Amino acid sequence: MGKEIPKQYISSESEDIIYERWEKSGFFNPDNIISAKKYCNVLPPPNANGELHLGHASGYSVMDIFGRYERMSGKKVLLLPGKDHAGIQTQVVFEKKIRDERGIGRHALGRVRFYKESYEFCKKSSDYMRGQEKKLGISADWSREKFTLDSDVTKVALETFVKMYGDGMIYRGRRIINWCPHCGTALSDVEVLHKEEDGKLYYIQYPIKNSKEFIVVATTRPETMLGDAAVAVHPKDKNYFNFIGKTAILPLQEREIPIIADRRIDMDFGTGAVKITPAHDPVDWQIGKTHKLPEHQVINEEARITRLGGKYKGQNVLEARKNILEDLAKLGLLGKEESVKISKSICERCKSAIEPLISKQWFVKVDAEKYSLKQEALKAVRGGKINFYPESLRKIMIQWLNNLEDWCISRQIWWGHRLPVWQKLKAKSEKLKVNGNKKESKTETYVGLEPPKGEDWIQDPDTFDTWFSSGQWAYSTLGYPDQLDYRKYYPTDMMVMGRDILPFWASRMIMLSLYRTKKIPFKNLYFTGLIRDKDGFKMSKSRDNGINPLEMIKKFGSDAFRLSVIMNVSPGQDSRLYEEKIESFRNFITKLWNICRYAIQTDENFTLFEKITRRDLKTLAEKWIISELEETTKAVTDLLKKKNISLAQERLRKFTWDDFADWYIEINKLENNPKVLGYIVDKILKLWHPFTPFVTEKIYSLAKKDKEKLLMMERWPRSEKKFVSQKAKEDFADFKELVIKIRNTRGNYHINPGETIVAFSEKSGEKDLIERLAKVKFLAIADVPAKVIHIKTRKRSLSLDISHLIDVKKEIAAIEAEMANLEKLAQKTEAMLNNQKFISGAAKEVVDTYRMKLKEYREKIVVQLGLLKNLYGL
RNA sequence: GGGCAAUUAGCUCAAUUGGCUAGAGCAUCUCGUUUACACCGAGGGGGUUGCAGGUUCGAGUCCUGCAUUGCCCACCA
């Protein structure tokens, strides 16, 4: 009996200690690994002041599995962690915090102070987040951790802007954008959510100039009519054919507006005539551009009516809507009201209604003359230089890139990278120089990393869209363009992200990386799906169905949790998670623990063996289990290379539990072979380590003589082909079949598993094993009673002395049923083999397996026939 | 409206890309506390792979149509 080891692995007592050992070893830092080969994965940065959620957890698990596998394969592995400043979200959160605690808004603090305090707030929260990330066991190099607002990361982002400006890819333009009146900033389309709501469609009559006729338009936002620039109809719409080219009088404003024809109008909606408000609707803006309509801004940044709105000035949009409807009714111009579903745009962060406004913003031209971000990215994605997991998402990205429009990158918030743009009014003398070009702007613009010299320069107050900087994350964190890390680790090998941010992030990284570094940023792009609850619902606060990863780790252990988010999960596919599932993986961890506990405790001198020789394999069981082990090693390695985590793990689990624990260990109790045991334990600990790092490291420390050695740094096992034996496999399968048949017979006759049956060996090796595994006792062949039941396989046979229990009819029926089944299979297979098309069409190996199969069916039929004869004799 | 994905045992999912009798876990039923493990072991039941066609020697896998569900994009005056 070896040393005492507890029956169960207590994860909570070990994990922190093990993590500390890993960190102290210094091997999370690739500088301490000597190798010519490298592997790099820049981790997507979570929000610095967020909580770790399941999305992070599943992504990190994937990244760490590959990272640990590559490290064990002998590469310098860099998993580079970071934190994101999360622009708008953090500003909203922090401003709420100071308002709650100090009763002041950000303006009271001032821009500089607000930025500084937000920074400190984020840094403090980062520590908390980092602690949570470590609980997952992620083997990242924390000494290299980056924050999106770090000076070096910032510098790269600003440089990109300056370079783009120089290349004519940046312009400042008046465009219609999504404006959040509450956050006070422009939002990109992806920051806007759409919500179905009940609304009203109002029919309003617009009088025609010099006529008694009206044209009736339908609108859900009557207040925008103050800014109407036209009424539009479809050119083919017969109802309005005569109206085109006429002039309507805009009610309330008494302004003359043209009636125009445009194909973008849907004849079947409302009246078929539409009021056009270029300043307050994206589609109207487009139509306005085509027809060169004026843009009357009647709603301001606070969602109130402007001076142009006349008597409604200062009212918010809802007040104005009410008053306008009343006034229209008084004039008799308001027609029917219709209830409709409208899709309302709301701010992703604060949920307030979005106002489409025309605003001066900075844009990136995605298809500029000098360099097309879009075309270059499309080339790279189509070209197959990036592996997609799953492959199907490549198409989606291509489609998204194709539809890409110019990218609004300015945000009117304080928390972020401020644009490196300064402006000042031109001096009079300079104005003269422009030779009367009236279009020339009155202001002078300077774009550069350092503030310009001279006076009166004012820096643009806007900050960058977060994606502009995080789109550069893959190289800005590595010290582009001249740092050692950049030269060594770029392009990176792997990028893992949630499928939901595929278009926004991955494509931006590809575009910006190609532009600046001329290289694709990563070779493999792996997507995780969404983790849902047991009933398939999204986890959300409002539904209160969320699972907190840290609670689960505390309860079931980090390893079990990790398995639960990656097992049976394919890339890009949603999966479901619930406690029972995590529990079942915890049970597996206990199993693994006890397998090793058995090995270590059985033998006082237990040692791990990295190598064995053929001479160490004496019995059939040993030859078989080692053969399986080597095949499993190869399969797991191949599957990991193909980035198929789920199948790799399934294969490993099958070997560990079904083959090793259920069969070999039971046999080992009779034929102990310390060398074989030590070899298998050594190998499975290594194979399991990327999947379940904590428990395997813990066991390794118990099993290994040299306590200082880390499993994390051991070499990934090779598959020893010379131990793979088809013969051992077949022979052991036959042995297993015999044991299972005896067990089945017991089951059929309700003989307790504990009760020993007397048996007589006819043709069978491994007698002692059969005695143990099937709970039988062999007696000398001379004592065979007249009535016995025979158990036969192709190679083995024996008889059981349970004739007093035998129900001959039942037994015959069972055997006849099996024979019929075998007969059916044999006929089917034979028919295939007689089919000339099959013989010539199918691969040779396939044909061979069917030939073997047929032979096997026939042999089995003979065996059953023998049994039948015996039964008739009873 | 356009696109994508999914539909396999009661539930959650596999099936190595068209080839061995479609497999696991959970749940369920029977039996059992054999000194690694009851967080366990042995055994059983449970499937017309959503529906209808097609291609093929062979289809869960490929094609067409339909149905249901989910996601993304666009539109919603």
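Because the structure is predicted, anything quoted here is derived from the model rather than measured.
- Nearest-nucleotide assignment on RNA chain B puts the 5′-proximal partner with A:N821, out of A:N821 and A:I595.
- A syn orientation is assigned to B:U17, its glycosidic angle lying within 90° of 0.
- Applying the ring pair (Phe, Tyr, Trp, His ring centres under 6.0 Å) test to A:F694 and every residue at least two apart in sequence or in another chain returns A:W22.
- The base of B:C39 is paired with the side chain of A:R586 by a donor and an acceptor separated by under 3.5 Å.
- Rounded to whole Å, the distance from CD1 on A:I751 to P on B:G43 is 15 Å.
- Counted within 6.0 Å of NZ on A:K634, heavy atoms from surrounding residues, nucleotides or ligands total 12 or fewer; the atom is thus considered open.
- Of all the residues in residues 659-668 of chain A, A:A661, A:D662, A:I665, A:E666 reach under 4.0 Å from RNA chain B with at least one non-hydrogen atom.
- Rounded to an integer number of Å, the gap from A:I645 CD1 to B:A14 P is 14 Å.
- No side-chain donor from either of A:H234 and A:D266 sits under 3.5 Å from a side-chain acceptor of the other.
- Within a 6.0 Å radius of NZ in A:K669, more than 12 heavy atoms belonging to other residues, nucleotides or ligands are found.
- Within 4.0 Å of A:Y857, counting heavy atoms only, lies at least one base atom of the nucleic acid.
- A pairwise comparison of heavy atoms in A:D734 and A:T793 identifies OD2-OG1, 2.9 Å as the closest pair.
- Two residues, A:N644 and A:T849, neighbour RNA chain B, and the one matched to the more 5' nucleotide by heavy-atom proximity is A:N644.
- Checked by distance alone, A:T590 brings a side-chain donor or acceptor within 3.5 Å of a matching partner on the base of B:C39.
- B:G46 and B:U35 have their P atoms separated by 34 Å, with the value rounded to a whole Å.
- Residue contacts shown for A:K853 include a base, since a base heavy atom lies under 4.0 Å away.
- As judged by a 4.0 angstrom heavy-atom cut-off over every strand, A:L825 is placed among the base-contacting residues.
- Residues passing the ring pair (Phe, Tyr, Trp, His ring centres under 6.0 Å) test with A:W285: none are found, sequence neighbours excluded.
- Using a 4.0 Å heavy-atom criterion, one finds that A:K581 contacts the sugar-phosphate atoms exclusively.
- For A:E391, the salt bridge (Lys or Arg N to Asp or Glu O under 4.0 Å) criterion is met by A:R394, not counting sequence neighbours.
- If you check every strand for non-hydrogen atoms under 4.0 Å, A:V283 touches sugar and phosphate atoms only.
- Atom CZ in A:R746 sits roughly 16 Å away from atom C1' in B:G44 (whole-Å rounding).
- Side-chain polar atoms of A:R264 and A:T290 form a donor-acceptor pair below 3.5 angstrom.
- Remark: A:D228 pairs with A:K275 by the salt bridge (Lys or Arg N to Asp or Glu O under 4.0 Å) rule, at least two apart or across chains.
- Taking the C1' atom of each, B:C62 and B:U56 are spaced 10 Å apart, rounded to whole Å.
- Among the heavy atoms of the strands, none lies under 4.0 Å from A:R651.
- Separation of the P atoms belonging to B:C66 and B:A74 is 26 Å when rounded to the nearest angstrom.
- In terms of phosphate contacts, A:K642 brings no side-chain nitrogen or oxygen within less than 4.0 Å of OP1 or OP2 of B:U17.
- Atom-to-atom, CH2 of A:W593 to P of B:C40 comes out at 17 Å; the value is rounded to the nearest Å.
- At the heavy-atom level, A:D266 lies under 4.0 Å from base atoms of the strands shown.
- In this structure, A:N594 does not reach the B:C39 phosphate: none of its side-chain N or O atoms is under 4.0 Å from OP1 or OP2.
- When all heavy atoms of A:L592 and A:T692 are compared, the pair lying nearest together is CD2-OG1, 4.3 Å.
- Identified under the ring pair (Phe, Tyr, Trp, His ring centres under 6.0 Å) test for residues 651-672 of chain A, with sequence neighbours left out: A:F588-A:W657.
- Between the P atoms of B:A15 and B:A24, the separation comes to 15 Å (whole Å).
- The interatomic distance linking A:I680 (CD1) with B:A36 (C1') rounds to 15 Å, in whole Å.
- Taking A:F556 as the reference, nothing meets the ring pair (Phe, Tyr, Trp, His ring centres under 6.0 Å) condition, with sequence neighbours excluded.
- Note on A:R743: only backbone sugar-phosphate atoms sit closer than 4.0 angstrom, heavy atoms only; bases stay farther off.
- Nucleotides B:U64 and B:U17 have their P atoms positioned 22 Å apart, rounded to a whole Å.
- Donor-acceptor pairing under 3.5 Å, judged by distance alone, is present between the side chain of A:Q8 and the base of B:C39.
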Restricting to nitrogen or oxygen on both sides, can you table the protein-nucleotides 67-70 of chain B pairs closer than 3.5 Å?
unit_1, atom_1, unit_2, atom_2, d
B:G70, O2', A:R532, NH2, 3.4

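- Regarding contacts with the backbone of B:C39, every side-chain N or O of A:W657 stays at 4.0 angstrom or more from both OP1 and OP2.
- Residue A:K643 qualifies as enclosed at atom NZ: its count of foreign heavy atoms under 6.0 Å is above 12.
- Here the P atom of nucleotide B:A5 and the CE atom of A:M397 are 15 Å apart, to the nearest Å.
- With hydrogens and angles left out, the side-chain atoms of A:E338 and A:Y202 include no donor and acceptor closer than 3.5 Å.
- Here A:S584 lies in heavy-atom contact (under 4.0 Å) with sugar-phosphate atoms only.
- Here, B:C4 and B:G23 have their P atoms 32 Å apart, quoted to the whole Å.
- Of the listed nucleotides (B:C4, B:C37, B:U21), B:U21 has the atom at the smallest distance from the side chain of A:Y850.
- Across all strands shown, A:L577 has no heavy atoms under 4.0 Å from either base or sugar-phosphate atoms.
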For nucleotides 56-59 of chain B, give me every protein contact, N/O to N/O, under 3.5 Å, one pair per line with atom names.
unit_1, atom_1, unit_2, atom_2, d
B:C57, O4', A:N835, ND2, 3.4
B:C57, O2', A:N835, ND2, 3.2

Inset, instruction - Go ahead and write out RNA chain B as dot-bracket, 5' to 3': ( ) for pairs within the strand, [ ] for ones crossing earlier pairs, | when the partner sits on another strand, dots for unpaired; Watson-Crick or G-U wobble, both distances under 3.5 Å. - result: (((((((..((((.....[...)))).(((((.......))))).....(((((..]....))))))))))))....
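- A:T656 and A:W688 are linked by a side-chain donor-acceptor pair at a separation below 3.5 angstrom, with hydrogens and angles left out of the test.
- Rounded to whole Å, the distance from CZ on A:R264 to C1' on B:C76 is 16 Å.
- When the ring pair (Phe, Tyr, Trp, His ring centres under 6.0 Å) test is applied to A:F243, the partners found at least two apart in sequence or on another chain are A:Y240.
- In this entry the distance linking CD1 of A:I396 with P of B:G3 reads 13 Å, nearest Å.
- For A:K669, a side-chain nitrogen or oxygen approaches OP1 or OP2 of B:A36 to under 4.0 Å.
- A salt bridge links A:E666 and A:R772; the closest N-O separation between the charged side-chain nitrogens and carboxylate oxygens is under 4.0 Å.
- For residues 578-593 of chain A, the set of pairs meeting the side-chain hydrogen bond (donor to acceptor under 3.5 Å, both in side chains) definition, not counting sequence neighbours, comprises A:K534-A:E580, A:K555-A:E579.
- When the C1' atom is compared between B:A5 and B:A22, the two are found 22 Å apart, to the nearest whole Å.
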